[in-house]
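As structure tokens, the structure follows; a few thoughts come after it.
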Amino acid sequence: MAQQDIYQLRRGWRLQWEAIQGCHVILYPEGMVKLSTTAGAILEQVDGHQSVADIIATLQRRYPGAETLADDVMQFIDEARDNGWLSLKEVYCG
């Protein structure tokens, strides 16, 4: 993964706040994944437009004291991709 990569939720999957659960969840055809507060904050930024570097910068502004934030974001996105939650957005140059 590179910081210029742009990710999006897998097709047919969506992120939403679930008030009953008190957290963000990923909904997909076969079920639901309950997310930690940190995972929800990261996935809120994964919109198919922002690069990993943009996401890190946004979260660093929001949480200025988080020293390992960049590493945490990179690790989470890598794990989310490996779990099949995210896909790399293909950028077309034309």
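Note that the structure is a prediction, hence the values are computed from the model and not measured. The figures here come from the full heavy-atom set of this structure, side chains too, leaving out hydrogens, waters and symmetry mates.
- The nearest pair of heavy atoms linking Thr58 to Gln50 is OG1-OE1, 3.5 Å.
- Residue pairs satisfying the ring pair (Phe, Tyr, Trp, His ring centres under 6.0 Å) criterion with at least one member in residues 61-81, sequence neighbours excluded, are absent.
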Expected list for residues 18-35: side-chain donor-acceptor pairs under 3.5 angstrom, two or more places apart:
unit_1, atom_1, unit_2, atom_2, d
Glu18, OE1, Gln16, NE2, 3.1
His24, NE2, Glu44, OE2, 3.3

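- Pairs passing the side chain to side chain donor-acceptor pair (under 3.5 Å) check and including a residue from residues 1-10, sequence neighbours excluded, read Tyr7-Arg81.
- Atom OG of Ser36 and atom CD1 of Ile42 lie 7.5 Å apart (nearest 0.5 Å).
- The two residues Val46 and Leu9 come nearest to each other via the heavy atoms CG1-N, 4.4 Å.
- Listed by chain and number, the residues in a side-chain hydrogen bond (donor to acceptor under 3.5 Å, both in side chains) with Glu79 are Gln75 (sequence neighbours excluded).
- Shown here for Val52 and Ile77, the closest heavy-atom pair between the two residues is CG2-CD1, 4.1 Å.
- A pairwise comparison of heavy atoms in Leu69 and Ile56 identifies CD2-O, 3.8 Å as the closest pair.
- Residues satisfying the side-chain contact (heavy atoms from CB on, under 4.5 Å) criterion with Arg11, sequence neighbours excluded, are absent altogether.
- Residues passing the side-chain hydrogen bond (donor to acceptor under 3.5 Å, both in side chains) test with Thr68, sequence neighbours excluded: Asp72.
- One N or O on the side chain of Asp47 and one on the backbone of His49 form a donor-acceptor pair closer than 3.5 Å.
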